[in-house]
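Read through the structure below, which is laid out as structure tokens, and then see the notes.
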Amino acid sequence: MAVEEFVVSGYGGYKSEGRTLWHRDPAAETIVLIGGALQRKTAWGRFEAVLADRFHVFTVDLPGWGDADTLPASYSVDFLAAALHDLLGAAGHQQVHLLGASYGSGIAHRYAQTYPQAVRSISLAGPLLWVPDEIREELRRTVDLMEDERMEEFAELSADIILRSGPGARVTRQSAVRRILHSMFRGIDDADRAKYRNNTLRLLQQAPSPQPPITAPVLVATGEHDLFTPPALCREIASTCPDARFTLVQGADHAMHLELPNQAGDLLARFASGEPLDGLAYCHPVEYSAALSPNAGMCST
């Protein structure tokens with residue numbers, strides 16, 4: 001049984017909270033999970049349990065999430081990366097493997113750019129480093145629906161954006177995951193409404209800024225049926241990283257860690273452990289930096 005330990009830190013006047021599941025082996029490395037919309041540090045479920053078999057697992061409520069303070073939309077992803085660094089220091093984690101999922105990918109990405117000495121590897125799952133034009137209006141509309149107290153419509157649209165897939169796509173557990181997300185969005189309290197509003201507006205106004213390239217090993221992955229952060233977008237992000245791997249998880253969409261937690265957890269654990277990713281039955285063939293087309297992307301911007 002892993003030992004659970006909580007830590008609180010304050011950066012720039014805003015509280016963050018973290019939770020470590022300590023592995024029985026003190027020499028185990030640490031993996032940090034940074035989640036998407038309304039993701040709480042204690043709600044990673046089976047996906048976290050898979051990782052905890054090999055690693056110390058550190059989950060976070062940064063400003064704007066969970067039990068942390070609400071963060072105004074005017075604060076950038078750079079502030080959140082600095083808040084993460086402060087929280088990791090308070091918890092005693094000096095060098096880590098990062099996972100940024102969905103909106104959390106932007107924070108992980110910026111952290112790896114800003115604090116390269118602290119990052120052993122970085123995984124980006126369904127990365128949302130900027131909002132694609134195709135979904136900007138719908139994402140903005142979720143904020144309007146929530147503020148108008150049209151919670152059923154807000155929940156329906158929010159779940160639909162995240163779980164959108166093409167006609168005929170066969171996605172594992174998608175119906176069950178849709179019910180979970182719908183219930184979560186439908187029942188958010190006033191504090192989470194303020195956090196969702198500010199986080200979404202921050203994401204909508206987020207723009208690239210000059211940064212050094214990520215030098216750590218990078219894994220970019222999403223579900224093969226993901227239309228929220230589609231495969232072409234994820235591949236583009238991977239294409240500009242010097243040491244990148246790109247793959248798609250079969251039978252999943254954007255919520256692959258909920259739909260296929262064992263497979264998604266195994267993929268991340270193998271990558272962070274430096275094990276080969278080729279030939280995994282649940283993945284498309286892995287592409288590496290040399291084979292990825294050199295499109296304009298975000299890892300060096």
Side-chain angles (χ1 to χ4, degrees), residues 2 21 31-55 57 59 97-105 108 121-128 158-185 217-235 237-238 244-287:
L21 290 180
I31 218 161
V32 179
L33 308 184
I34 311 168
L38 303 181
Q39 176 73 56
R40 291 178 174 270
K41 64 182 179 297
T42 55
W44 286 91
R46 177 60 188 164
F47 176 73
E48 173 189 76
V50 173
L51 298 172
D53 282 343
R54 297 204 201 185
F55 300 93
V57 180
T59 58
H97 301 277
L98 290 175
L99 166 71
S102 194
Y103 179 52
S105 64
S121 73
I122 174 172
S123 300
L124 303 174
L128 193 62
S158 297
D160 180 67
I161 291 172
I162 293 171
L163 300 179
R164 188 165 298 167
S165 56
R170 301 183 66 177
V171 178
T172 305
R173 297 187 66 238
Q174 190 184 60
S175 295
V177 172
R178 182 179 293 276
R179 288 193 296 272
I180 293 169
L181 293 181
H182 183 278
S183 176
M184 178 184 72
F185 283 116
V218 176
L219 170 66
V220 181
T222 194
E224 63 180 348
H225 300 300
D226 185 359
L227 293 184
F228 183 33
T229 55
L233 178 66
C234 297
R235 193 176 191 275
I237 291 168
R245 299 133 188 85
F246 167 72
T247 191
L248 300 173
V249 175
Q250 297 177 7
D253 54 28
H254 187 70
M256 64 180 185
H257 75 286
L258 295 175
E259 294 155 350
L260 293 166
N262 291 337
Q263 293 87 337
D266 181 66
L267 176 65
L268 176 57
R270 287 173 182 270
F271 170 65
S273 299
E275 297 176 9
L277 303 182
D278 299 302
L280 298 177
Y282 54 80
C283 280
H284 287 225
V286 177
E287 299 178 59

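This chain uses plain numbering: 1 for the first residue, then up along the sequence.
No side-chain heavy atom of Val218 sits under 4.5 Å from any side-chain heavy atom of Ser121. Residues Val220 and Pro127 have side chains in contact (heavy-atom distance under 4.5 Å, counting atoms from C-beta outward). For the pair Trp44/Val50, no side-chain contact is recorded, criterion being any heavy-atom separation below 4.5 Å from C-beta on.
Counting only distance, with no hydrogens or angles, the side chain of Tyr282 and the backbone of Leu267 share a donor-acceptor pair below 3.5 Å. Under a 3.5 Å cut-off, the side chain of Ser123 and the backbone N or O of Leu219 do not form any donor-acceptor pair. Panel note: side chain Ser273, backbone Ala269; a donor-acceptor pair is recorded below 3.5 Å. In this structure a side-chain-to-backbone donor-acceptor pair under 3.5 Å is present from Thr247 to His284. No side-chain donor-acceptor contact under 3.5 Å links Ser165 to the backbone of Asp226. Not one N or O on the side chain of Arg235 forms a donor-acceptor pair closer than 3.5 Å with the backbone of Phe246.
Looking at every heavy atom in both residues, Leu128 comes nearest to Phe228 through CD2-CZ, 3.8 Å. The nearest pair of heavy atoms linking Leu124 to Ser105 is CD2-O, 3.8 Å. Nearest heavy-atom pair across Gly36 and Ser102 is CA-CB, 4.2 Å. In terms of heavy-atom proximity, Leu181 sits nearest to Ala159 at CB-CB, 4.3 Å. Contact between Leu99 and Ala125 at its shortest, heavy atoms only, is CD1-CB, 3.9 Å.
Between the OG1 atom of Thr59 and the CG atom of Leu51 there is a distance of 11.0 Å, given to the nearest 0.5 Å. Remark: His254 NE2 to Thr222 OG1 distance equals 6.5 Å, nearest 0.5 Å. Taking OG1 of Thr229 as the reference point, atom OH of Tyr103 lies at 15.0 Å (rounded to 0.5 Å). Note that CD of Gln174 and CZ of Arg179 are 11.0 Å apart. Values are rounded to the nearest 0.5 Å.
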For side-chain contact (heavy atoms from CB on, under 4.5 Å), just list the numbers for Ile31 and Leu268, CA-CA rounded to whole Å, side-chain angles, deciding distance to a tenth of an Å, and then say yes or no. CA-CA 10 Å; Ile31 218 161; Leu268 176 57; 3.9 Å; yes
Could you walk me through whether Leu38 and Met184 pass side-chain contact (heavy atoms from CB on, under 4.5 Å), step by step? CA-CA 8 Å; Leu38 303 181; Met184 178 184 72; 4.1 Å; yes
Between Cys283 and Leu277, does the side-chain contact (heavy atoms from CB on, under 4.5 Å) criterion hold? Intermediate values first, please. CA-CA 9 Å; Cys283 280; Leu277 303 182; over 6 Å; no
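Residues satisfying the salt bridge (Lys or Arg N to Asp or Glu O under 4.0 Å) test with Asp160, not counting sequence neighbours, are Arg164.
A salt bridge does not link Arg170 with Glu224: none of the charged nitrogens is closer than 4.0 Å to a carboxylate oxygen.
Under the side chain to side chain contact (heavy atoms under 4.5 Å, CB included) test applied with Leu163, the options Val177, Leu227, Leu258 reduce to a single match, Val177. Of the residues listed (Gln263, Met256, His257), the one engaging Leu260 in a side chain to side chain contact (heavy atoms under 4.5 Å, CB included) is Gln263, and it is the only one.
Listed by first and then second residue, the salt bridge (charged side-chain N to carboxylate O under 4.0 Å, His left out) pairs that reach into residues 244-261 are Asp243-Arg245, sequence neighbours excluded. Among residues at least two apart or in separate chains, salt bridge (charged side-chain N to carboxylate O under 4.0 Å, His left out) pairs with a member in residues 37-46 are Glu17-Lys41, Arg40-Asp67, Arg40-Asp192, Lys41-Asp61, Lys41-Asp67.
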